[in-house]
There are 2 protein chains.
Amino acid sequence: MNIREVAKRARVSTATVSRTINGSDKVKPATAARVRKAIEELNFLPNTHARTLVSGKSHILGLIISDITNPFFPDLVKSFEDEAVQRGKEIIIGNTDYNAKRMAGCIRRMVERKVDGVAIMTSESDPALLEDLTRRNIPTVFMDTGKPGPHWANIRVDYGQGIREAVHHLVTLNHRRIAFITGPMNLASAQTRCSVFISSLKAHGIFDSALIEKGNHRIEGGAMAMKALLKLPRRPTAVIASNDLTAIGALGAIHEMGLRVPEDISLIGFDDIAFAHLTNPPLTTVVLSRKQLAATALAALDALMQGRRDSLANLTIPTHLVMRSSTRAI
Amino acid sequence: MNIREVAKRARVSTATVSRTINGSDKVKPATAARVRKAIEELNFLPNTHARTLVSGKSHILGLIISDITNPFFPDLVKSFEDEAVQRGKEIIIGNTDYNAKRMAGCIRRMVERKVDGVAIMTSESDPALLEDLTRRNIPTVFMDTGKPGPHWANIRVDYGQGIREAVHHLVTLNHRRIAFITGPMNLASAQTRCSVFISSLKAHGIFDSALIEKGNHRIEGGAMAMKALLKLPRRPTAVIASNDLTAIGALGAIHEMGLRVPEDISLIGFDDIAFAHLTNPPLTTVVLSRKQLAATALAALDALMQGRRDSLANLTIPTHLVMRSSTRAI
DNA sequence: CTGTTAGCGCTTTCAT
DNA sequence: ATGAAAGCGCTAACAG
């Protein structure tokens, strides 16, 4: 079943069928109607591979993420897919599993499938692997990785804003001993969150380096760090975690030690993953909108594909505090 | 950059390059080596669309799910992708959003992209929409939807086993007033869980229809149902929820009423989503392995594509209880 | 407005 | 063991 059968049935040439499908204005309405009828009757759907072959555009977008089971990503994937489908594009997803070899495989698959563009939304990222995309001039948008170039765009996330709001919120609540549980410090984004925390506290004149504890953006890391914090001679009255998973781990540790949130300790997370409002108590956290991130990525990809480099000037995603029930005044 | 440039550089014909790529044994090793060298030097990757066009096989698999942000699915998607990539296949994902129109769109996309097969893992499913897949002889595997046919396979999930284990566990713990919070009763899988629960309780001679409350497989449904249950003159001592989200909602409601799990009420979920062991206390639940589900789906698709209908005989995924800390003896 | 035709990049007979 | 050439389904000149 192909375009020729449709042409035959509508008694026109394949060119006319093609024109009708692609909405060319130079097909006589009556002819177009006949073609559409034939398409309908035969239940014809054009072969995208053939279209890609001749047009050079696959209408496929690649999305490379670290790990779909990391609760940060499902929202992102969904929003990205929504936006893509709205534009008549398909997406193929690559999970790197935080692993360079798999990342290389993802990129290979993207190139083979001739994606029109790719969005790389991993926390980690090895520039060497990305060379292939450059060489083939594949429009690429990064999250927070700062590579400039003719076919590259970079979306920045304003982590600072959310952290400052979190600190301000706690200070307003009279907290002075505020701890921070970091992420893995090889991550630029984790570094930023930590350094903004430090500078915010210094601005308030309440910074104490003993109150910085290292985590790993996972539950157990948060729990371990929190336990260390609770063993301090003068323990903190509030804790900000570098992400929600860390905060959830910290929450567990606090409960385990027989303390309560927010009565004994106030707690703030980061990201606003789906489960952040399902914890007990619901977690006050910093929202990083994946929907906005996805929309911005697709807009950037569009701009890149159309050579509109001007609209790539300032791609920044804000973050902001959302108050729930894990913080309270002392 | 295409196969002709490689051929030119290796001073062979395109046919020889093609044979080399596809591992044909009738290429002289020396020639093959020369070709591989050229491929390497040019960094050539074959165009999958051209290959698909001539071979008729896209090496793409479709995966249709309800909603990637439903915590049941990320694990499934990941396992499915892993298995697919291992087989050298790509996957494209469709989210139906529990919506017939979107489901139709998903199927259309799959057909357009000429997928080699599709796995439909939605809870809901409208047979009429699937006609297109039948007509085009696209191998299709369903989760729990029981459509037989030459190009169809159906994976059953043995919900009963897990529910029976849950009931048995509670009975062993001396519980006699055991409640059940259902899912949406238009879902076959929710119905099964409920009816097995009822028959299990009857088998133990402890069934009380007042202890069945309706939920919707979402958090608030679980919370609402639990509140109703707690208002009963003689409230249950244990509750089984039709899925983990429901159990999490119930847990919140129990806490909200000032009661404790498992001291006052024992609670069991279903699915074992990622957050089931992050609740406080960690949730005793029934595991439905998404990894196994994905592996089985891919095996079934393989069998369908190769016409090995015999290996499709008994595709059943077991479920079993995993004990954590939300249940206790009375 | 419509048809004819030359490819897009690859695989696959069919020759040699 | 290798090459020449046809053709997968479609689009895009070009011609009329």
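We name chains A, B, ... by the order of the sequence lines, and we start the count at 1 in each one. Bear in mind that the values here come from a model prediction, so they are computed numbers and not experimental data. Side chains are part of it too, since the values below use all heavy atoms of this structure and drop only hydrogens, waters and symmetry mates.
Sparse packing is recorded around CZ of B:Arg108, with 12 or fewer heavy atoms of other residues, nucleotides or ligands lying under 6.0 Å away. Applying the 6.0 Å contact sphere to CD of B:Glu131 captures no more than 12 heavy atoms from other residues, nucleotides or ligands.
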Are there any protein N/O atoms within less than 3.5 Å of an N/O atom in nucleotides 9-13 of chain C, and if so, which ones and at what distance?
| unit_1 | atom_1 | unit_2 | atom_2 | d |
| --- | --- | --- | --- | --- |
| C:dG9 | OP2 | B:Asn2 | ND2 | 3.4 |
| C:dG9 | N2 | B:Ala50 | O | 3.4 |
| C:dC10 | OP1 | B:Asn47 | N | 3.1 |
| C:dC10 | OP2 | B:Ile3 | N | 2.3 |
| C:dT11 | OP1 | B:Asn22 | ND2 | 3.3 |
| C:dT11 | OP1 | B:Arg51 | NE | 2.7 |
| C:dT11 | OP1 | B:Arg51 | NH2 | 3.2 |
| C:dT11 | OP2 | B:Ser18 | OG | 2.8 |
| C:dT11 | O5' | B:Ser18 | OG | 3.4 |

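When the side chain to side chain contact (heavy atoms under 4.5 Å, CB included) test is applied to B:Ser55, the partners found at least two apart in sequence or on another chain are B:Lys57. For B:Ser66, the side-chain hydrogen bond (donor to acceptor under 3.5 Å, both in side chains) criterion is met by B:Glu124, not counting sequence neighbours. Here B:Asn314 pairs with B:Thr316 under the side-chain hydrogen bond (donor to acceptor under 3.5 Å, both in side chains) rule; sequence neighbours left out. Considering only residues two or more places apart in sequence or on other chains, A:His217 meets the ring-ring contact (aromatic ring centres under 6.0 Å, His included) condition with none of them. The side chain to side chain contact (heavy atoms under 4.5 Å, CB included) check on B:Glu40 picks up nothing, with sequence neighbours excluded. Listed by chain and number, the residues in a side chain to side chain contact (heavy atoms under 4.5 Å, CB included) with B:Ala15 are B:Ser13, B:Arg19 (sequence neighbours excluded). Applying the side chain to side chain contact (heavy atoms under 4.5 Å, CB included) criterion to B:Thr20, with sequence neighbours excluded, gives B:Thr16, B:Val27, B:Ala32, B:Val35, B:Arg36.
For residues 134-143 of chain A, the set of pairs meeting the side chain to side chain donor-acceptor pair (under 3.5 Å) definition, not counting sequence neighbours, comprises A:Asp132-A:Arg135, A:Arg136-B:Asn43.
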For this session: Evaluate the side chain to side chain donor-acceptor pair (under 3.5 Å) criterion for residues A:Asp67 and A:Thr69: first the C-alpha distance (whole Å), next the side-chain angles of each, then the deciding distance (0.1 Å), finally the verdict.
Result: CA-CA 5 Å; A:Asp67 174 9; A:Thr69 65; 2.8 Å; yes
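The distance from atom CD of B:Glu5 to atom P of C:dC8 is 12 Å, rounded to the nearest whole Å.
Ring geometry for B:Trp152 against B:Phe142 counts as parallel: the plane angle stays under 30°, on a 0 to 90° scale with 60° as the upper cut.
With a heavy-atom cut-off of 4.0 Å to chain B, the contacted part of DNA chain D has its first and last nucleotide at D:dA1 to D:dG9.
Near DNA chain D, defined here as any heavy-atom distance below 4.0 Å, the residues from residues 23-33 of chain B are B:Lys26, B:Val27, B:Lys28, B:Thr31, listed numerically.
Rounded to 10 degrees, the angle between the two end axes of the helix from C:dC1-D:dG16 to C:dT16-D:dA1 is 40°, with five pairs used at each end.
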